[in-house]
Amino acid sequence: MPELPEVEVVRRGLDQWVTGRTVASVEVHHPRAIRRHLEGADSFVQALTGRTFVAAHRRGKYLWLPVAEPDGRSTGRALVAHLGMSGQLLVEKASSPDETHLRARFTFTDGGRELRFVDQRTFGGLAVEDLGDGDSVPPRLAHIAIDPLDEAFDVDAFSAALRRRRTEVKRALLDQTLIGGVGNIYADEALWRARLHGARPTEKLARAQVADLLEGIRDVLGEALAQGGTSFDSLYVDVNGQSGYFSRFLAVYGQQDRPCPRCGTPIRRESFMNRSSYSCPACQPRPRASSARKRPA
DNA sequence: GAAAACACCTGAGGGC
DNA sequence: TGCCCTCAGGTGTTTT
């Protein structure tokens, strides 16, 4: 499942393989893949055909590729992409057989490798959107918080915002308006590193605990990025179809009943927001009922 | 306004 | 072999 490190790996691949190339043709194979492009498939195709991708940017788990006119003038628009749970942006030879879940294809005027959007579960999608003032972040992505690997990330503001919340700490980590790019896998890993249970109430976290948590987030994201991201199956790959290696280093996620790398206690799995949370019962004790957040009936 | 719940979606895997 | 159910989970919308 693509989270920040995986999306950043894809962004780097796009920057290497796609930036500077001019689109010759666009094919949309599944309408749901461009459901966020409200003007429809014809508009999507027209907005990109003959235009040149000039960069590859990322905020949180979103990617966007600004496009320019043939004479180099900015169109003020960008191809915005989100990989969802199973999306892949692949750079492949035209002779490569189509993937089963191929949703869109871009060919280029240089006749080189084409760009394909493949998505099994169709949670991801593509759209052409206006850029913000000064060709900055597309307005639809403006609510996504800067991620903790960004130099502009404001530690004090994050700490204050986290402690202002009235929710559980894991819910807060998954809130992309608070901190960008963290998903279920890295939230569990960061909480384990900070020795915090995900149900701990945010407003009762000590300043030092927030600092430990942020350090855990930064460390785990940075290490995952260095390993090329996490891969549990074939659903996450870079633009060349290669899987990451970070899954070999996961301490708790998907490790139910295996020993905690720190203390040896079997890792537990708990249901959380219709998905799974993994933690160490010894290193990350559940908060006492008196200090846990009261949940609505 | 904030927080929580829910819908969306497909394929793998397990049980029968 | 085939059917049914559960599970995976990020995001936008709806509900509380």
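Scope of the values below: all heavy atoms of this structure, side chains included, with no hydrogens, waters or symmetry mates. Throughout, a chain's letter reflects where its sequence line sits, starting with A, and its residues are numbered from 1. Source: prediction; values computed, not measured.
- Summary for the helix from B/dA2-C/dT16 to B/dC16-C/dG2: the axes at its two ends, each from 5 pairs, differ by 50° when rounded to the nearest 10 degrees.
- In terms of phosphate contacts, A/His82 brings no side-chain nitrogen or oxygen within less than 4.0 Å of OP1 or OP2 of C/dG10.
- Minimum atom distance to the side chain of A/Arg32 is reached by B/dC8, of the listed C/dG12, B/dC8, C/dA8.
- Residue A/Arg121 has no polar side-chain atom (N or O) positioned under 4.0 Å from OP1 or OP2 of B/dC8.
- Proximity of A/His143 to the phosphate of C/dG12: a side-chain N or O atom is located under 4.0 Å from OP1 or OP2.
- A close approach under 4.0 Å does occur between a side-chain nitrogen or oxygen of A/His101 and OP1 or OP2 of B/dG11.
- For A/Arg218, there are no side-chain hydrogen bond (donor to acceptor under 3.5 Å, both in side chains) partners, not counting sequence neighbours.
- Of the candidate nucleotides C/dG12, B/dA4, C/dG10, B/dA4 has the atom nearest to the side chain of A/Arg171.
- In this model, the phosphate group of B/dA4 is approached by a side-chain N or O of A/Thr167 to a distance below 4.0 Å at OP1 or OP2.
- Between A/Arg268 and A/Asp257 there is no salt bridge, since no side-chain N of the basic residue sits under 4.0 Å from a carboxylate O of the acidic one.
- For A/Ser276 and C/dA8, the shortest distance from a side-chain N or O to OP1 or OP2 is below 4.0 Å.
- Residues A/Leu126 and A/Val80 are not in side-chain contact: their nearest non-hydrogen atoms beyond the backbone lie 4.5 Å or more apart.
- Taking only side-chain atoms of A/Arg269, from C-beta outward, the nucleotide of B/dG11, B/dC8, C/dC7 with the closest atom is C/dC7.
- Atom P of nucleotide B/dG1 and atom CG of A/Asp175 are separated by 16 Å, given to the nearest angstrom.
- Using cut-offs of 30° and 60° on the angle between ring planes, the pair A/Tyr62 and A/His82 is perpendicular.
- Taking the side-chain contact (heavy atoms from CB on, under 4.5 Å) definition, one finds that A/His29 meets it with A/Glu27, A/Leu102, A/Arg105, sequence neighbours left out.
- Distance from the side chain of A/Arg140 is smallest for C/dG12 among the nucleotides C/dG10, B/dG11, C/dG12.
- Taking 4.5 Å as the limit, some side-chain heavy atom of A/Lys170 sits within range of a side-chain heavy atom of A/Leu191.
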